[in-house]
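Before any comments, here is the structure.
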Amino acid sequence: MVPAHQVAPGLPAAAGRACLRPEPTRPLRRPGFLMQQDIFAALRARTVDALQGLLPELPAEAFSRVVVEPPRDASHGDMATNAAMVVAKLAKLPPPKLAADLSAKLAELPEVAEVAPAGPGFINIRLQPEYLRAQLPVVLAAGEAYGQGAATGHKVNVEYVSANPTGPMHVGHCRGAVVGDALANLLAKAGDAVTKEYYINDAGAQVQALAWAAFWRYLEVAARAGAPGAVLDKLRAEPENGRAIVEAEFGTTLQYGGEYLIPVGEALWAEHGPALMDPTPDTLLAIRHATVAAMMVEIRADLAALGVTHDVFISEAEVVAAGKLEQAEQVLDAKGLMYRGILEPPKGKTPDDWEPREQTLFRATQFGDDTDRPLRKSDGSGTYFANDIANHLHKIERGFDELVHVWGADHGGYVKRMKAAVSALSDSRVSLDVVLTQIVHVLKDGQPVRMSKRAGSYITLADLIDEVGRDAVRFTMLTRKADAQMEFDLNKVVEQSRDNPVFYVQYAHARIRSVLRAAGDPADFAGADLSPLTDAAEMALIRRITTWPRVVEGAAAAREPHRIAFYLNDLAGDFHMLWNRGREDATLRFIRPEEPVATKARLALLAATGAVLRSGLQVMGVTPVEELRDERKGDSAEPG
RNA sequence: GGACCCGUAGCUCAGCUGGAUAGAGCGCUGCCCUCCGAAGGCAGAGGUCGAAGGUUCGAAUCCUUUCGGGUCCGCCA
């Protein structure tokens with residue numbers, strides 16, 4: 001395995017190196033290697049250098065499409081590049097000819113063991129095993145920070161959850177919360193400066209309806225307290241008909257019947273006494289504020305239980321009160337993007353009460369939307385869209401240059417207009433990406449668990465976390481592409497088997513910790529001789545580890561946090577495979593007292609694997625476990 | 001009528017933004033515990049990537065058309 005040009009034949013590797021190149025100050029034993037966290041980026045740089053040497057007349061942009069990546073088929077080697085094919089036509093050379101020339105250059109690199117042109121112009125590269133092994137010290141030095149990208153200079157705002165503050169969070173909100181939080185972590189891992197943001201929709205008709213419902217609960221509390229009043233007498237006479245009585249008495253419709261507002265009613269009574277008895281705009285506003293505040297306390301507690309913490313909470317009402325809506329309209333007006341006009345009725349499914357109306361419209365069609373969009377309701381207040389435009393103007397003013405949203409798929413129709421607005425407001429300097437999350441169907445014992453907020457009975461997020469544990473919730477929510485429907489089986493996510501990735505990945509980490517503990521938790525692997533790591537399973541694990549930085553980069557660029565979950569599952573698979581090799585062949589066990597050098601090398605590999613697992617779990621917001629308990633449920637749900 | 005998302009093994013899903021012979025788990029068939037935890041692992045069978053065209057050295061991936069499933073469509077958020 002050891003190439004002849006590196007080590008004198010017949011000499012032990014360490015001795016050979018020591019004789020030929022004593023460099024005690026350098027931690028790396030192969031100074032010729034180009035060492036960085038991402039060895040694919042390193043080899044890409046090497047490849048582009050070589051190519052430029054061959055084709056000095058080509059401009060730098062000609063090489064932008066050069067990719068160095070792991071080949072799909074491992075038998076092709078460690079890396080493959082399309083370099084020859086990508087620049088062939090600019091260089092006016094046939095790809096195979098260019099591939100042959102480039103291969104000869106690449107073969108001279110110290111990192112490279114073997115180069116083979118293949119197919120229509122691919123170049124397959126086999127790396128020096130020592131170069132691959134030399135990545136382990138890099139990983140160990142970085143620890144959980146392995147995979148951390150260099151600062152991109154991008155200031156990114158990730159807005160997610162943003163559930164209406166009209167009740168506790170339920171499972172429907174959960175996926176967006178987890179995906180958003182993991183995505184924000186992922187972007188930070190890739191080097192962006194990330195702000196996690198929650199937009200409180202506290203300015204619309206929904207929260208007004210919520211205020212009425214809280215008012216109802218307040219009246220019921222007042223009635224029970226024996227306060228005087230005609231309405232309260234009625235409530236006392238028929239306590240079971242409280243809802244209908246309040247609706248009839250005040251000419252309103254109570255949309256929110258959930259019992260979670262009873263404590264809010266009690267708090268209102270305790271603080272204000274009978275002062276809120278006659279609903280006026282002022283009292284309703286006070287009730288609204290108190291109710292929204294109470295709901296936000298609950299929502300934040302739910303989010304905390306899920307391990308989600310936002311940096312910024314922005315209130316829609318406050319954004320509007322600050323005059324951002326008028327300011328946004330001025331900006332749009334100045335650009336000639338606002339006008340008074342009448343929209344065509346939507347085709348196919350015209351609303352029953354359709355009538356042509358003149359409205360204040362935003363020229364969204366100039367930015368790729370299907371129709372222009374209204375900014376003002378007939379009562380003069382801003383539409384939700386207009387308020388959101390105001391919020392986005394505010395974000396742009398705060399200096400973000402990338403905006404990311406995580407929305408439920410039912411908001412898919414809203415994406416184009418919002419992108420149009422951001423383009424308009426920022427003259428296309430600021431980008432907006434929207435990640436849509438599909439519905440989660442919750443199953444228990446194979447049966448769908450129905451959720452109905454209106455009926456007041458639904459699985460709350462808190463219930464879900466109690467049932468299966470925070471880590472299982474978070475991991476499972478990331479085991480599908482965001483934009484694919486998902487079944488969340490309450491039984492399966494706590495199952496301890498191969499087909500539950502939550503368990504499988506945690507199991508790998510627990511096994512690693514178990515071995516390292518058994519070995520006395522060695523902390524220092526600096527200078528460890530890694531040459532005993534030669535088994536195919538060991539090298540496969542090392543190769544997987546070396547791909548982690550590019551997985552982070554690719555997942556961040558695609559805004560796809562689920563890739564982290566899949567990577568960890570693969571990494572755990574490579575590890576379990578290696579573990580099992582030790583069962584078949586005792587010489588491949590991790591701890592071999594009679595072989596201290598091999599033991600240390602393998603422990604270094606395990607420590608590095610553990611670090612990458614933790615690095616990935618940290619992005620997902622999942623706690624790596626030290627050991628698996630012999631309990632069937634809830635072992636990852638304990639507090640702390 | 002229109003917009004957006006999704007159709008990949010019997011089932012549940014990946015597929016690294018255009019790369020080579022399309023992968024994993026479950027299920028099925030056959031194996032591996034005197035062993036650092038078998039709560040694992042190995043091997044096999046299983047596919048015209050919904051369909052038809054197009055773009056180019058090369059398509060599950062990009063474009064057009066079409067068939068299925070989902071979400072949405074003027075003062076709800």
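Quick caveat, the model's predicted, so the values are computed rather than measured. Just so it is clear, the values below take in all heavy atoms, side chains as well, and ignore hydrogens, waters and symmetry mates. Chain A is the first sequence line, chain B the second, and so forth, proteins listed ahead of strands; every chain is numbered from 1.
A:Gln485 comes within contact range of the sugar-phosphate backbone alone, with a heavy-atom separation under 4.0 Å but no base atom that close. Within the nucleic acid shown, A:Phe385 has no heavy atom closer than 4.0 Å to any nucleic acid atom. At the heavy-atom level, A:Arg480 lies under 4.0 Å from the strands shown only through sugar-phosphate atoms. Counting any heavy atom pair closer than 4.0 Å across all strands shown, A:Asn124 reaches a base atom. Across all strands shown, A:Phe566 has heavy atoms under 4.0 Å from sugar-phosphate atoms exclusively, and none from any base. Nucleic acid contact for A:Gly204: sugar-phosphate only, since backbone atoms but no base atoms lie under 4.0 Å from a heavy atom of the residue. Among the heavy atoms of the strands lying under 4.0 Å from A:Arg511 are primed sugar atoms or P, OP1, OP2 only; no base atom is included. Base engagement by A:Ala558 is indicated by at least one non-hydrogen atom pair under 4.0 Å involving a base atom. At a threshold of 4.0 angstrom between heavy atoms, the contacts of A:Ala118 include nucleobase atoms, whether or not backbone atoms are also involved. The residue A:Ala80 sits close to a base: some heavy atom pair falls under 4.0 Å. Counting any heavy atom pair closer than 4.0 Å across all strands shown, A:Gln359 reaches sugar-phosphate atoms only and no base atom.
Donor-acceptor pairing under 3.5 Å, judged by distance alone, is absent between the side chain of A:Asp388 and the base of B:A77. Not a single donor-acceptor contact under 3.5 angstrom links the side-chain atoms of A:His562 to the base of B:A14.
In this structure, A:Arg363 forms a cation-pi arrangement with A:Tyr339, its terminal cationic atom sitting closer than 6.0 Å to the ring centre and no more than 45° off the ring axis. For the pair A:Arg550 and A:Phe40, the distance from NZ or CZ to the six-membered ring centre is under 6.0 Å and the angle to the ring normal is within 45 degrees.
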**Request:** Please report the C-alpha distance between A:Asp521 and A:Arg513 in whole Å, then the side-chain angles of each, then the deciding distance to 0.1 Å, and finally whether the salt bridge (charged side-chain N to carboxylate O under 4.0 Å, His left out) criterion is met.
**Result:** CA-CA 8 Å; A:Asp521 261 327; A:Arg513 291 296 307 137; 3.2 Å; yes
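Of the residues in residues 83-98 of chain A, those placing a heavy atom less than 4.0 Å from an atom of RNA chain B are A:Met85, in numerical order.
Atom CE of A:Met418 is separated from atom C1' of B:A77 by 13 Å (rounded to the nearest Å). Rounded to a whole Å, the CG atom of A:Asn201 is 9 Å from the P atom of B:A77. B:G41 atom P lies 18 Å from atom CZ of A:Arg589, rounded to whole Å. Between the P atom of B:C75 and the CG atom of A:Asp379 lies a distance of 13 Å, rounded to the nearest Å.
Looking at which nucleotide of RNA chain B each of A:Arg581 and A:His76 is closest to, the 5′-most match is held by A:His76. Take the nearest nucleotide of RNA chain B for A:Ala557 and for A:Ser162: the residue whose nucleotide is more 5' is A:Ala557.
At distances below 3.5 Å, not a single donor-acceptor pair connects side-chain atoms of A:Thr476 with backbone N or O atoms of A:Val493.
Across B:U71 and B:G27, the matching P atoms stand 31 Å from one another, rounded to whole Å. Rounded to the nearest Å, the gap between the C1' atom of B:C67 and that of B:C28 is 32 Å.
Closest to the side chain of A:Lys416, out of B:A77, B:G15, B:C4, is B:C4. Closest to the A:Asp410 side chain, of the nucleotides B:C36, B:U71, B:C75, is B:U71. Across B:A20, B:C76, B:C4, the shortest atom-to-atom separation from the side chain of A:Gln206 is found for B:C76. Taking every side-chain heavy atom of A:Lys481 into account, B:G7 is the closest of B:G7, B:A77, B:C75. Comparing B:A3, B:C75, B:G74 against the side chain of A:Pro374 picks out B:G74 as the nearest. With B:G70, B:A14, B:G40 as the choices, the nucleotide that has an atom nearest any side-chain atom of A:Gln438 turns out to be B:G70. The listed nucleotides are B:G40, B:A77, B:C13; the one nearest the side chain of A:Asn580 is B:G40. Picking from B:G15, B:C76, B:C75 the nucleotide with the shortest atom distance to the side chain of A:Arg357 gives B:C75. Considering only the side chain of A:Phe122, B:A20 comes nearest among B:A20, B:G70, B:C36. Closest to the side chain of A:Met577, out of B:G40, B:A77, B:C42, is B:C42.
Judged by Watson-Crick or G-U wobble contacts below 3.5 Å, the nucleotide B:U56 has no partner. Pairing partner, B:G47: none, since no Watson-Crick or wobble contact has both distances short of 3.5 Å. When both pairing distances are held under 3.5 Å, B:C26 makes a Watson-Crick or G-U pair with B:G10.
Ring pair A:Phe385/A:Phe362 is tilted by interplanar angle, where 30° to 60° counts as tilted.
For residues 200-213 of chain A, no pair satisfies salt bridge (Lys or Arg N to Asp or Glu O under 4.0 Å), with sequence neighbours left out.
Atom CG of A:Asn201 is separated from atom OG of A:Ser162 by 6.5 Å, given to the nearest 0.5 angstrom. We find the CG-CZ distance between A:Leu337 and A:Phe367 to be 5.0 Å, quoted to the nearest 0.5 Å.
Every residue meeting the ring-ring contact (aromatic ring centres under 6.0 Å, His included) condition with A:His576, not counting sequence neighbours, appears here in chain and number order: A:Tyr504, A:Tyr507.
In terms of phosphate contacts, A:Lys377 brings a side-chain nitrogen or oxygen within less than 4.0 Å of OP1 or OP2 of B:A77. At B:G41, none of the side-chain N or O atoms of A:Tyr507 fall inside 4.0 Å of OP1 or OP2 (strictly under the cut-off).
Regarding the sugar-base torsion, B:C16 falls in the anti class, its angle being beyond 90° of 0. Look at B:U17: its glycosidic torsion is within 90° of 0, and that puts it in the syn range.
Test A:Arg589, A:Glu595, A:Arg592 against A:Arg602 for side-chain contact (heavy atoms from CB on, under 4.5 Å) and you get one pass: A:Arg592.
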